[in-house]
Colleague: 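Take this structure, written in structure tokens, and hold onto it; I'll ask about it next.
Read the numbers this way: they start at 1 and go in the same order the structure lists the ligands and their atoms. Just the heavy atoms: all of them, side chains too, but no hydrogens, waters or symmetry mates, feed the values below.
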Amino acid sequence: MTDPAESPEDVVTARLATDEERAAEGALRPNDLSEFVGQSKVVAQLDLLLRAAKVAERTPDHILLSGPPGLGKTTLAMIVAAESGRTLRMSSGPAISHAGDLAALLSGIQPGEVLFIDEIHRMARSAEEMLYLAMEDFRIDIMVGKGVGATSIQLELPPFTLVGATTRSGALAAPLRDRFGFTGHLEFYAEDELVEVVRRSADLLNLSLADVALVELASRSRGTPRIANRLLRRVRDYIQVHASTDALEATRAALTIYDVDARGLDRLDRAYLETLAKRFSGGPAGLSSLSVSIGEDSETIETVVEPFLIREGLITRSSRGRIITADGWGHLGISPAQHGYEPGETLL
Ligand code: ADP
């Protein structure tokens, strides 16, 4: 079994973007809706929303984008700003640890600006309440002073568009969710869409890859453009270092080096499957027990690992916990009978 302690730092796929990677990603980001591959439903809905706002000369409604990391939420926020010719101001939930942080952010906002708050479900509760008022009435109440002498000052804000992104829309308080005029859920990408993503990125990187290599890369990218682009950069490295001329061979070799298996699972995905299979006899197992056994925080497991394994049909989630499917056992190359496990039995 994979040593869970090894998994966090060097898993190339399931991780969020680092600052350095954000810079590399900047060069590959689509600039308008027509360049944005896939997500046709959300794209059509956003297109209508933006055009209607333009015709009526008003700021677009507040927008909430949800879905696993790396599917294009930040990219869409940037496109919303670009398509409406507005400036984008970026922040994130963890950076807003109390209402004062949000007040500082909102008080600097210019008319019509787009404010992007990534991981909005991680914003402090006190800030959430301030945000309700800002979204609905374009004003905030700021408390000045302490104790009996404390007074509140009202600050009027110019109209703006909030774009919130979240990997856990269920974790957002209902009053906050309700104040978004539009909610779009981003789904994992189909293989042919990811082929388009990597083809476009390869062009931008001046890399000429045969179609078979693009398909191989796309089929092993966890349905996620960020991962497809990340793996593409590693294939480019491999080609440069080995002066490789066979793109398919280079792709397979790079993916092997980075521990991405034939189905696109990385080490963390496999650590999850193996733990569920071996330690919990295939389940049902609870999220917290699994996260302790794997040594990864439960939010990452729930928002990054599980959605993909569920989509692949390798696990299911029931009210009793997570269960490995026949396909999941098959992927590990083991059968419950082989190991003498009874479903539900827990091995310690
Ligand atoms: P998120 O905010 O959901 O984590 P990002 O918007 O940062 O994801 O996207 C990650 C990377 O994937 C970016 O480099 C972006 O260029 C690329 N990407 C995401 N969605 C698409 C898409 N639909 N078409 C092309 N590239 C995409």
Side-chain angles (χ1 to χ4, degrees), residues 11-47 63-83 88-95 114-122 162-169 171-172 183-205 207 209 214 217-218 220-236 264 299-300 302-305 307-308 311:
V11 169
V12 277
T13 56
R15 313 285 77 208
L16 302 175
T18 59
D19 286 349
E20 194 187 334
E21 186 170 44
R22 286 260 172 219
E25 282 185 346
L28 302 179
R29 262 183 220 289
N31 296 312
D32 55 46
L33 283 179
S34 65
E35 280 185 38
F36 193 86
V37 179
Q39 310 291 348
S40 52
K41 206 167 182 178
V42 172
V43 166
Q45 291 165 341
L46 269 179
D47 187 45
I63 296 165
L64 180 65
L65 299 170
S66 68
L71 298 193
K73 300 183 291 298
T74 308
T75 306
L76 282 176
M78 290 177 168
I79 291 176
V80 165
E83 297 240 337
L88 181 74
R89 200 175 277 254
M90 298 181 82
S91 187
S92 74
V114 176
L115 172 63
F116 176 60
I117 305 184
D118 199 7
E119 298 184 79
I120 194 167
H121 63 280
R122 293 176 65 187
L162 175 70
V163 182
T166 180
T167 48
R168 294 181 69 204
S169 58
L172 277 190
T183 300
H185 182 74
L186 303 193
E187 305 284 347
F188 285 114
Y189 289 67
E191 189 181 300
D192 58 341
E193 294 168 338
L194 281 184
V195 168
E196 285 319 303
V197 171
V198 278
R199 194 191 302 281
R200 180 180 167 277
S201 303
D203 278 351
L204 290 169
L205 295 175
L207 202 61
L209 292 186
L214 296 176
L217 200 57
R220 293 169 71 176
S221 296
R222 291 180 103 257
T224 308
R226 169 173 297 133
I227 294 172
N229 284 340
R230 187 177 293 174
L231 293 174
L232 178 69
R233 288 196 294 272
R234 300 294 74 84
V235 171
R236 175 205 55 196
E299 186 170 328
T300 302
E302 199 178 15
T303 61
V304 179
V305 180
F308 178 68
R311 190 203 66 167

Colleague: For the backbone of L71 and the side chain of Y189, can you confirm whether one donor and one acceptor N or O come within less than 3.5 Å of each other?
Modeller: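 It does hold such a pair.
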
Colleague: What pairs with E196 under salt bridge (Lys or Arg N to Asp or Glu O under 4.0 Å), at least two apart in sequence or on another chain?
Modeller: R199

Colleague: Near ligand 1, which protein residues have a heavy atom under 4.0 Å away?
Modeller: R22, E25, L28, R29, P30, F36, V37, P69, G70, L71, G72, K73, T74, T75, Y189, V197, P225, R226, N229

Colleague: Does D47 have any salt bridge (Lys or Arg N to Asp or Glu O under 4.0 Å) partners at least two apart in sequence or in another chain, and if so, which?
Modeller: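 Here the qualifying residues are R51.
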
Colleague: Salt bridge (Lys or Arg N to Asp or Glu O under 4.0 Å) with E299: which residues, sequence neighbours excluded?
Modeller: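 E299 satisfies salt bridge (Lys or Arg N to Asp or Glu O under 4.0 Å) with R168 only.
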
Colleague: Can you name the nearest heavy-atom pair linking G164 to I120, along with the distance?
Modeller: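 Smallest heavy-atom distance, with atoms named: CA-CD1, 4.1 Å.
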
Colleague: Only one of V163, V114, T74, I117 forms a side-chain contact (heavy atoms from CB on, under 4.5 Å) with M90, so which one is it?
Modeller: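 Testing each of V163, V114, T74, I117 against M90, the sole residue satisfying side-chain contact (heavy atoms from CB on, under 4.5 Å) is T74.
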
